[in-house]
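Order of the sequence lines fixes the chain letters, A, B, ..., with proteins taken first and strands second; residue numbering starts at 1 for each chain. Because only heavy atoms are used, hydrogens play no part in the values below, and waters and symmetry mates are left out as well, while side chains stay in.
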Number of protein chains: 2
Amino acid sequence: MLEPRQLEILDRAKITKTYREGESIYHQGDPCLGVYCVESGNVSVRMTNAQGGSKIVRFVHPGQTLGYSDFFAERGYRGDAVCLEPTTICFIPKEPLKAALHHNPQLGLAFLNHATIDLQEADSLSMNQALYPVRTQVAHLLLSLKDNYGTVGDDGAIELSLPMTWQDVSELIGARPETVSRAVHVLIDEGVIDAAGRKVTIRDLDMLLDEIETAVS
Amino acid sequence: MLEPRQLEILDRAKITKTYREGESIYHQGDPCLGVYCVESGNVSVRMTNAQGGSKIVRFVHPGQTLGYSDFFAERGYRGDAVCLEPTTICFIPKEPLKAALHHNPQLGLAFLNHATIDLQEADSLSMNQALYPVRTQVAHLLLSLKDNYGTVGDDGAIELSLPMTWQDVSELIGARPETVSRAVHVLIDEGVIDAAGRKVTIRDLDMLLDEIETAVS
DNA sequence: CGGTTCCTTGATAACGATCAAAGGCCGTGG
DNA sequence: CCACGGCCTTTGATCGTTATCAAGGAACCG
């Protein structure tokens, strides 16, 4: 998509850095100095309102981009970006990026693709929040994490190693940690999953799918 | 932003049409044949899940674009677009748009701006859903509609003429119509607003702002 | 170890959903 | 012009989910 010369300019301009678990990449309100691209690891974006209430609006996985919407909106960062685990991220400063966009506007289409994906996920999240009880939302999240974080065990069960805490999950789906904890334990009691800390085993994928299909609408 | 020649091509390709209230522009799942731009009027985008539950994900006001994220994602439309009132919309078919994007990738940046705005609004909506009770969300919505649909009356009160039904409002904030109705009447009883049908008068803007500031977090 | 953060569990309260029914408004058709 | 039907809104009663408050336990890290 990019001309080699432009790729080279971006490559020279980019700064790669490794963050520790819990480390902040940027803070809400900070002036936007450029965009980030997650190479490995995992990042949460949390927004806080004027009353101090906060919510995780998205998890950012490897290959995804971070802070670009604030760059294009020419405003400060709209949330806090925090690493959930040791994470490698490259930073592309504003000016070189502007130059690259100027010389090769095709690059804008690449960001547009990221934006449409993020928009679709934001819409889905909002829909799930509105239409499903917490238990079903947890089931949804586990299913979506399965693809990136699941491995198939000996007996065919799918083993997940969550990249985030259950507390983070509760902030994503807009519920209290206690509520999520109880919902998880209901799923365990029903024999759908097993969970020990952040290790989750999907015992019965069909039951997990049922959990979603038979949800109240 | 666009070269005159490209603008001209798009101008020739676009098809302007007027829709009646309640008329559909496209349906969820329909193949995406192009993008729409609202010139006047008002459109809701509603998504429905596999269980038949639905939610309005956004209202689209004049000057905003519709269906572009599905165009760039190269997939069917993700929701139903329905006019809330008599609405004039221009349609830009896929192929001419692709050609215009190819010849002038700057055009992509224009869509990127739309995308970042929609993304920010989607994040805010999801945050409000998660952090505020229905009454506060209604207050929020009235405030945001004030700028586009409000006029200042004789006594300084702000008069709103809602472009959507309260039922639509309930689908936007993810609540039942009954709950929204009750929430509105609480605001009326508190003297914050007056409402008769879709005509809303903001009696006391400060109280409305308080409603938001003192919300539970 | 000692502290912090995360998770769990219980009891209770608040909020919103649900069910049911009726009133108002509007457009259509007789 | 009026009557009818449909849709939106309102109101009440009750139920269910989730929030809240509180406290204890487990895991982890310095």
Side-chain angles (χ1 to χ4, degrees), chain A residues 20-23 44 51-56 82-86 128-139 161-189 193-200 211 214-217, chain B residues 20-23 44 51-56 82-86 128-139 161-189 193-200 211 214-217:
Chain A
R20 293 186 303 278
E21 181 178 330
E23 202 170 351
S44 68
Q51 290 74 51
S54 76
K55 179 178 187 299
I56 290 177
V82 177
C83 296
L84 299 172
E85 52 190 5
N128 290 341
Q129 261 179 239
L131 298 176
Y132 294 122
V134 170
R135 182 164 35 87
T136 309
Q137 289 186 68
V138 170
S161 184
L162 300 187
M164 75 287 289
T165 65
W166 288 111
Q167 200 165 230
D168 289 330
V169 170
S170 78
E171 277 201 79
L172 179 74
I173 69 184
R176 299 274 116 181
E178 299 96 315
T179 306
V180 170
S181 175
R182 285 185 240 265
V184 169
H185 285 267
V186 168
L187 290 175
I188 294 172
D189 291 345
I193 62 171
D194 270 355
R198 300 195 199 173
K199 303 288 179 193
V200 176
E211 182 56 49
T214 65
V216 291
S217 57
Chain B
R20 293 185 304 276
E21 180 180 329
E23 203 171 349
S44 68
Q51 290 74 49
S54 74
K55 178 180 187 297
I56 290 177
V82 177
C83 296
L84 299 172
E85 51 189 7
N128 289 342
Q129 262 180 237
L131 298 176
Y132 294 122
V134 169
R135 184 164 34 88
T136 309
Q137 290 186 67
V138 170
S161 185
L162 300 187
M164 75 287 289
T165 65
W166 288 112
Q167 200 166 232
D168 290 330
V169 170
S170 77
E171 277 202 78
L172 179 74
I173 68 184
R176 298 275 119 181
E178 300 96 316
T179 305
V180 170
S181 175
R182 285 185 241 265
V184 169
H185 284 267
V186 168
L187 290 175
I188 294 172
D189 290 346
I193 63 172
D194 270 355
R198 301 195 197 173
K199 303 289 180 192
V200 176
E211 182 57 48
T214 64
V216 289
S217 58

**Q** Looking only at non-hydrogen atoms, find the nearest pair between B:G174 and A:A130 and report the distance.
**A** CA-CB, 3.8 Å

**Q** Which parts of nucleotides 5-16 of chain D does protein reach within less than 4.0 Å, heavy atoms only, written one letter per nucleotide 5' to 3' as B for base, S for sugar-phosphate only and - for none?
**A** ---SSSBBB---

**Q** Rounded to the nearest Å, what distance is computed from the OH atom of residue A:Y132 to the P atom of nucleotide D:dT17?
**A** 16 Å

**Q** Over how many whole Å does the gap from A:D189 atom CG to C:dT8 atom P extend?
**A** 12 Å

**Q** Kindly indicate whether the side chain of A:V184, heavy atoms from C-beta on, has any atom under 4.5 Å from the side chain of A:I193.
**A** yes

**Q** Rounded to the nearest 0.5 Å, how far does OG1 of A:T136 lie from CG of A:N128?
**A** 9.5 Å

**Q** Rounded to the Å, how far apart are B:I173 CD1 and C:dC15 C1'?
**A** 13 Å

**Q** Remember a base hit wins even if backbone is also touched, and classify B:G174 as base, sugar-phosphate or nothing at under 4.0 Å, heavy atoms.
**A** sugar-phosphate

**Q** Taking atom P of C:dT5 as reference, at what distance in whole Å does atom CD of A:E21 sit?
**A** 13 Å

**Q** Between A:E171 and A:K55, what is the shortest heavy-atom contact and its length?
**A** O-CG, 3.2 Å

**Q** The side chain of B:P133 is closest to which nucleotide in this list: C:dC15, D:dT18, C:dT18?
**A** C:dC15

**Q** Starting at atom CZ of A:R20, determine the distance to atom P of D:dC28, rounded to an integer number of angstrom.
**A** 20 Å

**Q** Starting at CD of B:Q137 and ending at P of C:dC15, how long is that distance when rounded to a whole Å?
**A** 14 Å

**Q** For residues A:C83 and A:E21, determine if any side-chain heavy atom of one lies less than 4.5 Å from a side-chain heavy atom of the other.
**A** no

**Q** Rounded to whole Å, how long is the line connecting atom CD1 of A:I188 with atom C1' of C:dT9?
**A** 14 Å

**Q** Under 4.5 Å between any side-chain heavy atoms of A:H185 and A:I188, yes or no?
**A** yes

**Q** C:dC7 P sits how many Å from A:L187 CG, rounded?
**A** 16 Å

